[in-house]
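Numbers restart at 1 for each chain; the letters A, B, ... are given by sequence-line order, proteins then strands.
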There are 2 protein chains.
Amino acid sequence: MARRANTTTKPSPQDLDARRATILEAVVVEHIKTAQPVGSSSVAATVDLAVSPATVRAEMVTLEREGYLVQPHTSAGRVPTDKGYRYFVDHLKSGALGSAQQHQVKEFFANVRGEVEDVLEQTSTLLTQLTSYTSVVVGAGHSHSSILSVQLVNLDARHQLLVSVFSDGSVVKHSIIASFDVTHEEVAEASKQLNALLINTTLETRVQVPSRSDHVATLVREAVSVLHAEKPTTDGEQVFIGGSSRVAEVFQGVETVRKVLSILEQELLVVSLVQDILDQGLSVAIGSENGYEPLSACAVIVAQVTIDGEPAGAVGLLGPTRMKYREALAAAQVVSEHLTRRFGGDESHA
Amino acid sequence: MARRANTTTKPSPQDLDARRATILEAVVVEHIKTAQPVGSSSVAATVDLAVSPATVRAEMVTLEREGYLVQPHTSAGRVPTDKGYRYFVDHLKSGALGSAQQHQVKEFFANVRGEVEDVLEQTSTLLTQLTSYTSVVVGAGHSHSSILSVQLVNLDARHQLLVSVFSDGSVVKHSIIASFDVTHEEVAEASKQLNALLINTTLETRVQVPSRSDHVATLVREAVSVLHAEKPTTDGEQVFIGGSSRVAEVFQGVETVRKVLSILEQELLVVSLVQDILDQGLSVAIGSENGYEPLSACAVIVAQVTIDGEPAGAVGLLGPTRMKYREALAAAQVVSEHLTRRFGGDESHA
DNA sequence: GTTGGCAGTCGGTAGAATCGAGTGCTAACA
DNA sequence: TGTTAGCACTCGATTCTACCGACTGCCAAC
């Protein structure tokens with residue numbers, strides 16, 4: 001399934017001449033390593049093409065004309081464009097994780113305990129440690145889960161708490177403010193009716209609420225409406241971001257750092273960013289591909305997590321366009337597989 | 001209560017000579033405004049002391065000797081030290097919020113809806129908008145709250161979910177993995193027993209668990225132990241950080257930005273930072289006062305939120321030592337009061 | 001005690017000179 | 001035709017110098 005990095009459909013990967021491809025790759029690799037423009041002689045040296053710098057130069061002119069490379073200025077080496085990185089990534093043979101890191105991942109998943117949320121949060125830390133990039137872990141919403149139990153609890157006569165448990169193990173609470181004093185008996189009765197009404201439904205199911213105007217019926221109506229009003233938010237998606245300080249390590253300009261951070265602050269935006277990338281069928285979005293101008297200096301890697309074959313979240317990594325794609329892809333891949341295994345088909349989630 | 005900014009007890013505010021105090025204040029104000037070292041003539045101009053720069057100079061020498069000011073280098077103006085800021089803050093007449101901002105706060109609290117967590121999170125955004133600094137909102141843990149209800153829910157035969165509702169309106173879930181298949185009847189029975197056992201206790205109460213070895217008793221024991229194991233974490237404290245991107249606006253060095261961000265990433269650390277400051281009886285910690293070396297370029301402002309007179313959280317602002325103390329203090333103060341009012345004595349929390 | 005005057009310090013900036021990495025072009029070569 | 005060596009050229013980066021200007025500290029006069 002992951003023979004090579006998942007690719008695009010749109011910039012049909014019109015294969016480059018073999019030599020040109022080699023040169024492009026060399027430029028990308030070198031630039032990722034050094035962050036400097038790379039020149040023809042350096043390429044000629046690293047690559048086993050047995051050609052002179054002059055020839056490389058000629059090819060680089062072509063590559064530049066075709067938009068894979070740019071010169072920051074005359075008399076500098078070349079730097080890959082987004083298109084250049086794209087080609088590189090599309091033709092990247094997926095590598096494995098270093099064995100130390102593989103060990104770390106195994107170790108981690110063998111030892112994490114706690115609720116799903118805790119695991120996801122810690123996973124984001126793991127990802128950031130593995131790669132030195134900022135990580136994003138998105139947990140799916142529960143809009144498709146069915147309700148296992150709802151319970152109304154009296155905080156005091158005027159305040160009730162509706163606690164709903166979903167089949168995916170998530171628990172949601174909603175405050176209800178009554179316009180009249182509510183007795184414990186009424187709460188208990190409302191709770192009972194709510195259970196009868198809602199168990200095994202999903203948030204998308206429309207239910208028939210009682211139209212009477214007594215206390216209990218009013219409570220029930222209120223509870224159902226407040227529960228179903230859940231949707232407009234991110235429909236329960238959870239976002240965990242790890243290592244935002246890595247942003248400051250990886251970009252040199254304070255202004256870039258600021259822009260990227262302020263994107264990361266907006267969880268809804270992060271969710272849709274990840275979702276957009278997945279929707280495009282990509283596993284990597286490079287520079288402008290991600291659609292957010294402030295992130296044009298970034299590349300984003302995503303890998304989906306599935307439960308019973310259904311998409312149920314994703315892990316992501318955010319770095320500079322000159323990120324270490326192979327390692328980062330491997331890390332995202334491996335971690336998402338582990339998550340899929342833990343929460344997916346089998347029942348062994350601890 | 002807030003006639004002047006809450007002060008220290010330790011660096012006994014040995015009052016400075018009135019003129020020196022004026023000069024120090026002028027330096028601080030000017031430096032906060034310009035971020036530049038400020039020179040004697042500039043001070044002489046801004047201040048109504050009717051003295052010449054030379055005199056100011058003489059005083060500044062004293063102030064420097066006493067540790068309130070430093071020169072970045074010979075032939076530069078002076079910059080306040082932490083001690084200088086401390087004096088300034090201790091003698092700051094607390095100002096009011098600008099009327100536009102006052103309006104914004106009122107508006108905000110008139111319109112926020114949703115659960116406590118949502119309100120706190122949005123409050124952190126509000127604070128950051130009011131001040132342009134990074135904000136921290138800490139919600140108290142529920143270790144002192146009593147349990148209103150516990151419920152065990154069957155996810156499947158081997159997995160149960162313990163859902164606990166506390167008197168402060170918080171809801172906590174815990175997964176339980178059974179080593180045997182559990183029937184719905186057993187879960188219901190365990191649930192009943194748990195309620196009998198735990199209602200009106202707090203997490204600190206030790207309870208007598210059944211010692212029998214049947215399924216129900218085992219479930220009950222497991223549930224109680226998992227619930228009481230809660231403590232080691234931050235005992236349920238919630239942290240919301242708003243505007244981390246402001247860090248990049250406010251500090252120029254990427255390295256500083258990185259260090260500060262990586263502190264902010266560690267929620268426990270943030271909680272104890274805030275707690276430490278409150279424990280010292282401070283409302284502002286300047287530079288090294290906060291005890292974290294990476295934050296030595298920062299000042300932290302905190303204001304407590306109380307419920308029924310009991311400390312129940314705090315709001316904080318983090319900026320550079322040259323932050324706009326008056327405005328930031330006012331903002332923190334006002335917001336914390338609004339929170340206190342909302343969640344505190346009266347019953348109007350919507 | 002205050003002040004004007006003055007020499008001295010030192011960072012910051014502007015300009016010139018230099019360096020060197022890397023290019024594009026061209027002519028020769030296989 | 002493709003490849004290569006050679007070469008002139010470009011242009012950012014670095015270094016150096018000179019200089020300016022913002023301050024200070026000190027001192028003598030008020």
Which atom pair, heavy atoms only, marks the closest approach of [X] to [Y]?
X: B/Thr134; Y: B/Gly243; answer: OG1-O, 3.0 Å
X: B/Thr321; Y: B/Ser296; answer: CG2-O, 4.2 Å
X: B/Leu69; Y: B/Pro80; answer: CD2-CA, 3.8 Å
X: B/Ala332; Y: B/Val315; answer: O-CG2, 3.7 Å

- Query: Applying salt bridge (Lys or Arg N to Asp or Glu O under 4.0 Å), which residue pairs with at least one partner in residues 65-81 of chain A are found, sequence neighbours left out?
  - Reply: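 Qualifying pairs: A/Glu64-A/Arg78.
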
Pairing residues for [X] by the side chain to side chain donor-acceptor pair (under 3.5 Å) criterion, not counting sequence neighbours:
X: B/Glu255; value: B/Arg258
X: B/Thr74; value: none
X: B/Glu265; value: A/Ser245
X: B/Gln102; value: none

- Taking atom types as modelled, find out whether A/Thr128 and A/Thr125 have a side-chain donor-acceptor pair closer than 3.5 angstrom.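 Their side chains do not contain a donor-acceptor pair, so the 3.5 Å distance test is not met.
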
- Task: Shoot me the first and last contacting nucleotide of DNA chain C against chain A, ordered 5' to 3', at under 4.0 angstrom to non-hydrogen atoms.
- Result: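 Here the contact window of chain A covers C/dA21 to C/dC25.
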
- Task: May I ask you to decide if the ring planes of A/Tyr87 and A/Tyr68 are parallel, tilted or perpendicular, using 30° and 60° as cut-offs?
- Result: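 Perpendicular.
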
- Message: What is the distance, to the nearest angstrom, from the NE2 atom on B/His73 to the C1' atom on D/dG25?
- Response: 16 Å

- Over how many whole Å does the gap from A/Gln71 atom CD to D/dC11 atom P extend? 11 Å

Side-chain donor-acceptor pairs of residues 37-49 of chain A under 3.5 Å, sequence neighbours excluded:
from, atom 1, to, atom 2, distance (Å)
A/Ser40, OG, A/Arg57, NH1, 3.4
A/Thr46, OG1, A/Ser42, O, 2.8
A/Thr46, OG1, A/Val43, O, 3.0

- Tell me, for nucleotides 1-7 of chain D in 5' to 3' order, what letter each nucleotide earns: B for a base near a protein heavy atom under 4.0 Å, S for only sugar-phosphate near one, - for neither? --SBBB-

- Is B/Asp82 salt-bridged to B/Arg86, cutoff N-O under 4.0 Å?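 Salt bridge flag = no for B/Arg86 with B/Asp82.
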
- Query: What residues in residues 24-43 of chain B put a non-hydrogen atom under 4.0 Å from any atom of DNA chain C?
  - Reply: none

- Could you pull out all residues at least two apart from B/Glu30 that satisfy salt bridge (charged side-chain N to carboxylate O under 4.0 Å, His left out)? none

- Please give the angle, rounded to 10 degrees, between the axes at the start and the end of the helix from C/dG1-D/dC30 to C/dA30-D/dT1, where five pairs define each axis. 20°

- Message: Rounded to the nearest 0.5 Å, what separates atom CZ in B/Arg326 from atom CZ in B/Phe88?
- Response: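 Rounded to the nearest 0.5 Å, the CZ-CZ separation comes out at 6.0 Å.
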
- Nucleotide nearest B/Met60 (side chain, heavy atoms from C-beta), chosen from D/dG25, D/dT24, D/dC11: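 So the side chain of B/Met60 is nearest to D/dT24.
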
Polar atom pairs (N or O), protein with nucleotides 17-22 of chain D, under 3.5 Å:
none

